[in-house]
Amino acid sequence: MGNVLNILFCLSLLYLATTTRVTAYLKVFVLQSILLFFIVMLPLLNHISVFTLLLPLTILVVKAILIPWYIRKKIIYELEINTTIESNIQQFNFLLLSVFSMVAVFVFCNIITKDAAVAPIPFSAAFSSVVIGLYVIIFRKKLIVHVIGFLVMENGIFLLGIAVASEMPFLIELGMLLDIFVVVFLMGIAINRISSTFAADEVSALDKLKN
Amino acid sequence: MFFIPGGRKLKYQLSLMVSIIHLVTSYLVFTGFATPADSQWFRWDAFTKLFLLVLSHIYFWVILNSWHFINQSSTYSPEKSRKSFFSMMNLYLFANTLALVSNHLGLYWVALESTTLCVAPLIYYYRNKESLEAMWKYLFLVSVGIAFAFIGILFLALSAQGTDIFEKGLFLNDLIEGSSKLNLVWLKAGFIFIFAGLSTKAGIAPMHPGEVDALSNSPSPVAALVSASLSETALIGIFRLLQITAGTQVHQFAQVLMITGGVVSLLVAVVFMFRVTNFKRMIAYSSVEHIGLIVLGAGIGGPALIGSMLHMVYNSLNKTAMFLMAGNIHRAYKSREAKDVKGVLKNMRWTGILFMLAFLAVVAMPPFGLFFSELMIFRGLIEAERYVLLAVILFILLFVFIGMSRQTFSILYGKTDTSSGQKPATDEKFNISHLSAMALLLLLALSGLFMPGSFIGVINQIAGELTR
């Protein structure tokens with residue numbers, strides 16, 4: 001069951017490579033966050049208590065409700081961001097690159113996790129997410145999409161944490177979620193200001209600072 | 001402490017009080033008068049002592065100057081930015097202190113990310129296009145960088161899997177003591193990711209652009225704070241990792257990586273020193289250069305390591321003085337472009353002289369401390385028999401000196417061009433920023449000549465911990 005969820009997580013990444021709509025990006029992020037919630041929940045099913053539920057529920061609230069709500073309401077709607085994403089490379093090439101990278105990541109992770117006590121599928125899924133998140137940041141032009149790319153990366157890192165099974169103390173996990181939320185919040189404010197002072201929402205507008 | 005109601009003056013007084021308490025406390029901890037007990041979450045080793053002292057020192061001078069700074073004409077200090085200034089500063093101090101004393105890499109990570117979040121609004125202080133762009137780039141690049149550092153922390157967890165360190169919860173002291181039990185491959189991978197990730201924040205090339213933009217476009221007290229204390233907070237993470245590798249075979253690999261980072265930083269600094277037209281940006285690249293030297297020295301080990309620790313302390317004092325003076329010039333001439341700024345020495349006597357002294361210190365002229373620390377790094381290079389590297393570094397430093405003095409002397413001596421309408425204030429009064437810069441430079445010269453014993457003790461302790 002866990003592997004099914006992880007594979008679904010990977011498939012959602014491929015959707016990022018095919019779609020060109022900002023709202024679809026956001027939806028993929030929400031879907032990933034919900035999957036993440038279930039992946040965290042799965043091992044806890046046998047011994048559910050209030051305390052064990054606290055972390056998965058916080059993930060759900062912050063990543064699947066609070067952050068998407070903020071991005072949708074305060075950035076996409078308020079700024080009336082044009083919902084089509086401009087890209088630096090051809091759509092088809094982007095998909096090709098993503099697929100090849102994911103295959104490479106899976107093969108590579110399968111080899112390196114042989115000796116370690118790590119489940120290869122969650123590990124590979126997590127790494128794919130980090131890589132695709134980076135691609136989104138590099139190849140897409142809209143700032144808001146960069147933020148979503150960053151969030152996809154963060155989701156990957158969260159999944160990596162689960163794959164490694166290193167249990168960070170609860171307070172640290174909470175601190176991380178808070179940090180991520182504040183980062184997105186500040187980035188949202190910055191995008192707001194950028195769109196009013198530069199009259200643009202793409203990264204190419206940010207070229208004032210040069211040597 | 002953070003969101004103080006009431007007038008700005010009260011906020012300032014409270015912040016100053018906090019900074020003094022912080023300074024006194026860190027002095028007590030440093031000299032060993034007060035030794036807080038090591039607990040599970042907090043750590044008071046030699047690293048913490050030294051870095052905490054640097055932080056509280058810089059913070060004190062910055063806060064002392066900020067009252068004068070934020071009361072400048074409102075075109076330069078927007079009301080909205082003034083309102084949150086002290087709250088953000090205090091939050092920054094809290095987060096940074098937490099990062100320095102934490103005994104868990106996860107806690108360190110959370111605190112380090114928080115410092116980014118506190119500094120980002122401060123970078124946007126002037127609320128213009130440039131500062132907005134700088135804030136965005138800093139926030140984004142550093143956040144992505146720190147995310148990578150977290151992957152490194154997870155790899156570190158993987159390397160400890162199956163040992164009792166993992167079960168105890170990955171605390172730093174367990175990792176350092178039990179480093180021989182760690183899986184070397186994952187430790188190596190962890191070091192690469194953490195080093196690359198923290199480089200964005202420390203300003204080590206090629207990950208430096210976010211840092212440089214932030215330093216050149218933020219107000220001078222904030223630039224001083226970022227360059228002199230925040231980079232060090234990122235460095236402590238790298239040093240802690242080096243400390244973990246010290247007992248293993250990965251140590252050599254880590255050293256090579258650090259030396260490479262240092263040399264690349266020096267190269268980037270020298271190339272851009274000749275290309276920048278903006279004098280604050282020039283100081284920012286000088287920051288990249290010095291961080292490069294620090295990392296390089298730590299990578300070489302031996303006397304170079306001691307030199308690099310001293311260099312870190314001196315560089316912080318020096319950069320604070322330099323940025324404060326650069327801020328004065330920027331406000332008087334209303335420009336950061338070197339071509340608009342001429343004849344500082346004639347028009348702004350105090351600032352001119354102090355900027356010149358700070359410049360002499362930054363290019364490591366005696367009797368300023370940086371001279372001695374650089375000598376120490378060179379001695380380390382000779383003892384390690386790395387003559388080619390030494391030659392390359394000396395060559396680079398010579399060109400950094402040429403590039404930097406070309407710009408600085410044109411700023412200080414050039415003829416004032418009255419036709420362009422730049423009319424700086426010619427009757428500059430002695431103010432708190434001059435006093436601070438004077439005190440910092442004096443401290444820099446004195447500590448180079450007469451090193452207190454407790455200082456050497458702590459630095460030797462650090463060197464011992466990094467070369468077990």
Side-chain angles (χ1 to χ4, degrees), chain A residues 112-113 115-118 123 126-127 130 133-134 137-138 143 146-147 149-151 153-154 156-169 171-187 189-194 196-198 203 205-211, chain B residues 41 104-114 116-118 120-121 124 127-137 139-140 142-144 146-148 150-151 153-162 166 169-170 183 185-186 189 209 212-213 216-217 271-272 274-278 281 285:
Chain A
I112 58 170
T113 51
D115 304 325
V118 195
F123 192 85
F127 245 84
V130 171
L134 260 187
I137 293 172
I138 295 168
L143 293 174
H146 286 195
V147 177
F150 173 70
L151 286 168
M153 238 178 87
E154 278 290 344
I157 293 173
F158 236 87
L159 193 60
L160 195 67
I162 298 165
V164 172
S166 95
E167 285 184 12
M168 287 280 167
L171 272 178
I172 289 181
E173 301 262 18
L174 217 57
M176 283 178 60
L177 282 170
L178 184 70
D179 273 349
I180 291 165
F181 180 69
V182 179
V183 167
V184 173
F185 180 73
L186 282 178
M187 285 176 178
I189 293 175
I191 291 179
N192 229 310
R193 294 281 153 77
I194 288 168
S196 56
T197 45
F198 288 83
V203 72
L206 298 177
D207 58 355
K208 281 230 154 243
L209 306 181
K210 275 185 193 146
N211 294 300
Chain B
W41 287 99
H104 192 285
L105 283 170
L107 184 62
Y108 170 75
W109 189 91
V110 170
L112 195 67
E113 178 69 22
S114 311
T116 314
L117 303 177
C118 302
Y124 185 46
R127 302 196 172 233
N128 53 18
K129 275 189 176 183
E130 287 86 1
S131 64
L132 181 59
E133 187 178 335
M135 168 190 157
W136 170 266
K137 285 184 174 163
L139 189 64
F140 204 87
V142 171
S143 296
V144 170
I146 295 190
F148 269 87
F150 196 78
I151 298 179
I153 295 175
L154 289 174
F155 282 165
L156 204 63
L158 258 182
S159 83
Q161 215 172 37
F166 192 81
L170 292 168
N183 178 316
V185 179
W186 289 111
V212 169
D213 285 346
S216 49
N217 291 287
V271 169
F272 282 98
F274 284 91
R275 287 175 59 179
V276 285
T277 54
N278 170 326
R281 235 178 148 72
Y285 276 109

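In what follows, chains carry the letters A, B, and so on, assigned in the order in which the sequence lines appear, proteins first and then strands, with residues in each chain numbered from 1.
Neither the backbone nor the side chain of A/Phe185 comes within contact range of chain B; no heavy atom of the residue lies under 4.5 Å from a heavy atom of that chain. Using a 4.5 Å cut-off between heavy atoms, B/Phe155 contacts chain A through its side chain alone, with no backbone atom that close. Interface remark: A/Met153 contributes side-chain atoms only to the contact with chain B (heavy atom separation under 4.5 Å). The parts of A/Leu143 that come within reach of chain B are both its backbone and its side chain, each placing non-hydrogen atoms under 4.5 angstrom from that chain. Residue B/Leu107 touches chain A through both its backbone and its side chain, counting heavy-atom pairs closer than 4.5 Å. Looking at B/Ala189, there are no atoms closer than 4.5 Å to chain A (heavy atoms on both sides), in backbone or side chain. The contact between B/Asn217 and chain A is made entirely by side chain atoms (from C-beta outward), counting heavy-atom distances below 4.5 Å. Looking at A/Val147, the atoms closer than 4.5 Å to chain B (heavy atoms on both sides) sit in the backbone and in the side chain alike.
Judged as a side-chain contact (heavy atoms from CB on, under 4.5 Å), and not counting sequence neighbours, the contacts of B/Ala120 are A/Leu186, B/Met135, B/Leu139. Listed by chain and number, the residues in a side-chain contact (heavy atoms from CB on, under 4.5 Å) with A/Ile112 are A/Phe108, A/Phe123, B/Trp186 (sequence neighbours excluded).
Distance CD1/A/Ile172 to CG/B/Leu105: 9.0 Å, rounded to 0.5 Å.
Closest approach of A/Val118 and A/Ala163 over heavy atoms only: CG1-O, 3.6 Å.
Checking side-chain atoms of B/Glu113 against main-chain N and O of A/Met176 turns up no donor-acceptor pair under 3.5 Å. B/Trp41 contributes no side-chain N or O that, together with a main-chain N or O of B/His104, makes up a donor-acceptor pair within less than 3.5 Å.
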